[in-house]
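Heads up: the structure comes next, in structure tokens.
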Amino acid sequence: MARPATEIDYRAAADARAAIIDWQHWLTAEKRVSPHTLDAYSRDLDAFFAFLTDHFGARPGLLALGALTTRDIRAWLAHRAAAGLDNASTARALSTLRNFFRFLDRRGHVHNASIAHIRAPRIRRSVPKPLSVGDAEDSVVAIGDLSDTPWIAKRDVALLTLLYGCGLRLGEALSLRRRDLPREETMIVTGKGRKDRVVPVLPVVREAMAAYVAACPHTLSADGPLFVGARGGPLNPSVVQRQVRKLRAWLGLPESATPHALRHSFATHLLAEGGDLRAIQELLGHASLSTTQRYTAVDIERLAKVHRAAHPRARN
């Protein structure tokens, strides 16, 4: 298992290591990034410093960071390409570097404009792969049949009903506290960047969640996790993903049928029924409308399939 970000042994000189710790604290305390995001940023930076150590033959300090040229950074990009890392991964790593160097500049540690002159690699935006309405509804019901323990069956049904009914990310659902159990028509969800948003909650979602809580044999404290594992600790996302893999095999669903596909399904099905794109953006917690607009491509593909199947000239 990978070590937490705070335990990474960066191949950096002492002054650079101190700056990294300062940056991590700033990300957590002021930018309020999630632990998952902090880990991703920290590992990107760790790989960059490992490359620089090999590239220069010594652990780089702040002086070396200030002297980096565009040629050095392009050498790092070439190194990643040779290692088979994809463009999406490299674009994220480059974004991490820009974030780190901007921080160093603001704190007066290092000024280096080279990173700003490097273009991020092109990323082919994949179209979200939602489930059909029927497959989504079948998944929410059938997940309960995969467990022989009644309360766990109710938990899994409640969780998938929440993902599909409210469009939550898996991490958002698993971060809910017992006190967050919805009793009204809305609930507050904390998303990326620890930004809160109000999400409508359908009666079927409230009922499924209430049934799970009533059946759960473990004491759920107000500030403790709402969704718990078999022993009463926080539910691990890998457990949910494993159950959904079993569900795929049982229902004959495609490989794209994941917990996150239920979020895609939520957005796509709302759009297909005439939902407003701006409203869907708010419900999903997207910072940019362009992210939400990817779902219009899904709906266009669906309409194109209907057109090809129904139009007389297409059939001919």
Side-chain angles (χ1 to χ4, degrees), residues 1-127 171 192-195 286-291 293-294:
M1 181 178 292
R3 290 176 297 173
T6 53
E7 297 180 10
I8 294 176
D9 183 20
Y10 292 94
R11 295 169 66 182
D15 59 351
R17 289 171 65 88
I20 292 171
I21 293 171
D22 195 16
W23 172 68
Q24 290 175 327
H25 177 73
W26 173 76
L27 286 172
T28 303
E30 296 190 33
K31 298 301 288 183
R32 302 176 68 197
V33 303
S34 69
H36 174 78
T37 300
L38 178 64
D39 279 347
Y41 282 4
S42 299
R43 296 183 201 292
D44 285 339
L45 199 61
D46 179 42
F48 180 66
F49 273 93
F51 166 79
L52 290 183
T53 299
D54 293 336
H55 186 59
F56 294 127
R59 294 189 175 214
L62 294 179
L63 188 62
L65 294 181
L68 286 177
T69 66
T70 54
R71 180 176 295 179
D72 296 320
I73 298 168
R74 289 194 178 104
W76 167 71
L77 293 173
H79 170 77
R80 291 182 62 88
L85 296 171
D86 62 28
N87 284 357
S89 173
T90 296
R92 188 196 70 188
L94 186 57
S95 176
T96 297
L97 293 192
R98 286 175 174 155
N99 183 294
F100 180 59
F101 274 85
R102 281 196 301 268
F103 172 82
L104 295 179
D105 195 8
R106 283 194 298 267
R107 292 297 171 97
H109 295 312
V110 168
H111 175 73
N112 189 327
S114 297
I115 191 76
H117 298 298
I118 302 296
R119 282 189 176 184
R122 288 183 176 274
I123 303 174
R124 183 180 178 274
R125 290 286 183 184
S126 60
V127 174
K192 287 187 176 181
R194 298 187 187 178
K195 293 180 180 177
H286 285 161
S288 170
L289 184 63
S290 62
T291 305
Q293 284 174 329
R294 293 186 303 152

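Formation of a donor-acceptor pair under 3.5 Å by the N112 side chain with backbone atoms of F101 is not found in this model. A donor-acceptor pair under 3.5 Å is absent between the side-chain atoms of S95 and the main chain of A91, judged by distance alone. S114 places a side-chain N or O within donor-acceptor distance of the main-chain N or O of L68, the cut-off being under 3.5 Å.
Atom CG of L27 is separated from atom CG of N99 by 5.5 Å, given to the nearest 0.5 angstrom. Distance check, rounded to the nearest 0.5 Å: CG of D105 to CZ of R107 gives 12.0 Å. How far CG of L85 is from CZ of R92: 10.0 Å, rounded to the nearest 0.5 Å. A distance of 12.0 Å separates NZ in K31 from OG1 in T37, rounded to the nearest 0.5 Å. Atom CD1 in I73 sits 4.0 Å away from atom CD1 in I115 (nearest 0.5 Å). One distance of note links CG of L38 with NE2 of H25; it measures 12.0 Å at 0.5 Å rounding.
Taking the side chain as every heavy atom from C-beta outward, L97 and W76 approach each other to under 4.5 Å. For the pair R17 and D9, the minimum side-chain heavy-atom distance is below 4.5 Å. I118 is listed as a side-chain neighbour of T70, based on a closest heavy-atom distance under 4.5 Å. Contact of the W26 side chain with the R106 side chain is registered, since non-hydrogen atoms from C-beta on lie closer than 4.5 Å.
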Item to complete: Test side chain to side chain donor-acceptor pair (under 3.5 Å) on T69 and D72 and set out the steps.
Response: CA-CA 5 Å; T69 66; D72 296 320; 3.2 Å; yes

Item to complete: For the pair H109 and D15, evaluate side chain to side chain contact (heavy atoms under 4.5 Å, CB included) and give the outcome as yes or no after the intermediate values.
Response: CA-CA 9 Å; H109 295 312; D15 59 351; over 6 Å; no

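The two residues A16 and G61 have their closest heavy-atom pair at CB-CA, 4.0 Å. V110 and L62 make their closest contact through CG2-O, 3.4 Å (heavy atoms, listed as atom of the first residue, atom of the second, distance). Residues T53 and P60 come closest through the heavy atom pair OG1-CD, 3.5 Å. Across every non-hydrogen atom of A13 and R59, the tightest pair is N-CB, 3.8 Å.
In the displayed structure, R119 atom CZ is contacted under 6.0 Å by at most 12 heavy atoms of other residues, nucleotides or ligands.
Aromatic ring orientation, H79 versus F51: tilted (interplanar angle from 30° to 60°). Relative orientation of the F49 and F100 rings is perpendicular, given thresholds of 30° and 60° on the angle between their planes.
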